[in-house]
Amino acid sequence: MIRQRTLKSIVKATGVGLHGGRKVNLTLRPAAPDTGIVFHRVDLDPPLSLPADPYAVCDTRMCSGLEQGGHKVGTVEHLMSALAGLGVDNLHVDVDAPEIPILDGSSAPFVFLLQSAGIEEQPAPKKFLRVKKAVEYVEGDKWVKLEPYDGFSLSFSIVFNHPAIDNTSTKVTIDFAEQSYVRDVARARTFGFMQDVEFMRANGLALGGSLENAIVMDEYRVLNVEGLRYADEFVKHKVLDAIGDLYLCGHPLLAAYSAHKAGHALNNQILRVLLEDQEAWEIVTFEKEAATPAAVSHQFAPLAQAFA
């Protein structure tokens, strides 16, 4: 049986919020089967709980955030991406600020935290959201699509007309039937342009951004001394974001995702288009090995194999 997963123990981290620029304390706690991913603003009195929910997504300008009653938890996508990549279904996320810390701008530090806490299987079948028919969302020259697939793959293409980006691969396909989230996606960092920083900061964004937590470019080149982690790091980060944005639906997807010039807003829109068409999806479990697609068995291999 493909089982649900949570953490074995509590793990904590401290970092800086990318947009607010303030110190953030983060605590990840195990949760019971069928809890899902639930964020808690523990700095509020009383604390406020915000479950992962595509209909609670707000402010997709530079990140994906959740909002309830005027209170937010922003920049959830990198943590959500790590949770999806490691197959964690149930988790309590305590945070004492309006956003998750950016750490190094990728999901690799969250992967490290989750693996440090230990991941354990639970006595309940993992519930997948299977796409049954193609759905698409188009906005000008940007588009995003979900199609039926017995696994999870993502194809992404970007256009930035910037020499530092154009000199890298601007198209990528990741299929978790063959590739590894930890090896092939997790280390890709967010990126930005020096000429945009002044505008963003005037609008209360990227106050905590630096060369320590983002790839930063001037008009011609990457300014980070260490360079890129992947030859296609820019487009891979867009895949990393999409994985996190899509996991806000509350279940791992069985689908082929493809997108061109998409971002957080379009990722959220395609989830809404999908969920609002009752004939386009279903919830499935795999309780017998013979009925489990090979791609699913590979992606969610037993923990003893996955993290050996």
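Here the structure is a predicted model, which means the values were calculated and not measured. As a basis for the values below, the full set of heavy atoms in this structure was taken, side chains included, without hydrogen atoms, waters or symmetry mates.
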Taking the six-membered ring where the residue is Trp, are the ring centres of F286 and F128 under 6.0 Å apart? yes
Nearest atoms (heavy-atom pairs only) where P47 meets V42: CB-CA, 4.2 Å
Look at the rings of F176 and Y181 and say which category their plane angle falls in: under 30° parallel, 30 to 60° tilted, over 60° perpendicular. tilted
Does a side chain donor of either S49 or H40 reach within less than 3.5 Å of an acceptor in the other side chain? yes
Can you list the residues that meet the side-chain contact (heavy atoms from CB on, under 4.5 Å) rule with P125, with sequence neighbours excluded? M1, T285, E287
Please round to the nearest 0.5 Å and tell me the distance separating atom CG of L48 and atom NZ of K72. 13.5 Å
Under 3.5 Å, is there a donor on one side chain and an acceptor on the other for N267 and Y257? yes
When the ring centroid of F191 is compared with that of F160, is the distance short of 6.0 Å? yes
For the atom pair SG (C249) and CD1 (I270), what is the distance rounded to the nearest 0.5 Å? 12.0 Å
Taking Q269 for the side chain and H264 for the main chain, is one N or O donor matched with an acceptor at less than 3.5 Å? no
Under 3.5 Å donor-acceptor, S81 side chain and L240 backbone: yes
Quick one: salt bridge (charged side-chain N to carboxylate O under 4.0 Å, His left out) pairs with a partner in residues 225-235, sequence neighbours left out? D104-R229, R189-E226, R189-E233, D232-K236
Stepwise side chain to side chain donor-acceptor pair (under 3.5 Å) test for D184 and Y230: CA-CA 9 Å; D184 299 316; Y230 303 105; over 6 Å; no
Non-hydrogen side-chain atoms of L223 and M194 separated by less than 4.5 Å: yes
Starting at CD of E136, measure out to CG of L274 and round the result to the nearest 0.5 Å. 13.5 Å
Distance, nearest 0.5 Å, that separates NE2 of H92 from CZ of F39: 12.5 Å
For S155 and S258, which I'm curious about, is there any donor-acceptor pair between the side chains at under 3.5 Å? no
Is the backbone N or O of T190 less than 3.5 Å from a side-chain atom of H237, with the two atoms forming a donor-acceptor pair by type? yes
Tell me which pairs pass side chain to side chain donor-acceptor pair (under 3.5 Å) where either residue lies in residues 22-35, with sequence neighbours left out. Q4-D34, T14-N25, N25-D96, R29-D94, D34-K127
Those residues at least two apart in sequence (or on a different chain) that pass side-chain contact (heavy atoms from CB on, under 4.5 Å) with A13 are L113
Side chain to side chain contact (heavy atoms under 4.5 Å, CB included) assessment of L271 paired with Y55: CA-CA 9 Å; L271 280 184; Y55 290 95; over 6 Å; no
Do the side chain of R41 and the main chain of H71 share a donor and acceptor less than 3.5 angstrom apart? no
OG1/T292 to NE2/H298 distance, rounded to the nearest 0.5 angstrom? 14.5 Å
Verdict with supporting geometry, L50 and V38, side chain to side chain contact (heavy atoms under 4.5 Å, CB included): CA-CA 6 Å; L50 298 96; V38 184; over 6 Å; no
Using atom types as modelled and distance alone, determine if a side-chain donor or acceptor of T6 lies under 3.5 Å from a backbone N or O of N90. yes
Side chain of Y247, backbone of L79: donor and acceptor closer than 3.5 Å? no
Under 3.5 Å: donor-acceptor pair, side chain of S180, backbone of R183: yes
Derivation and outcome, side chain to side chain contact (heavy atoms under 4.5 Å, CB included), residues V24 and I100: CA-CA 7 Å; V24 183; I100 301 299; over 6 Å; no
Answer yes if the side chains of H78 and D241 hold a donor-acceptor pair under 3.5 Å, and no otherwise. yes
Looking at R221, is its backbone amide N or carbonyl O close enough to the side chain of D218 to form a donor-acceptor pair, meaning the two atoms are under 3.5 Å apart? yes
By salt bridge (charged side-chain N to carboxylate O under 4.0 Å, His left out) - contacts of D141 (at least two apart): K261
Less than 4.0 Å between a side-chain N and a carboxylate O, is that true for K8 and E120? no
Give a yes or no answer on whether the side chain of S106 reaches the backbone of A108 with a donor-acceptor pair at less than 3.5 Å. yes
One should read off an interatomic distance between K126 NZ and I2 CD1, to the nearest 0.5 angstrom, of 8.0 Å
Show, in sequence, the C-alpha distance, side-chain angles and deciding distance for F112 and V182, and conclude whether the side chain to side chain contact (heavy atoms under 4.5 Å, CB included) test is met. CA-CA 10 Å; F112 175 78; V182 174; over 6 Å; no
Sequence neighbours left out, what passes side-chain contact (heavy atoms from CB on, under 4.5 Å) with L248? Give chain and number order. A52, V57, S64, L66, V76, M80
Can you check whether A259's main-chain N or O pairs, donor with acceptor, with W143's side chain at less than 3.5 Å? no
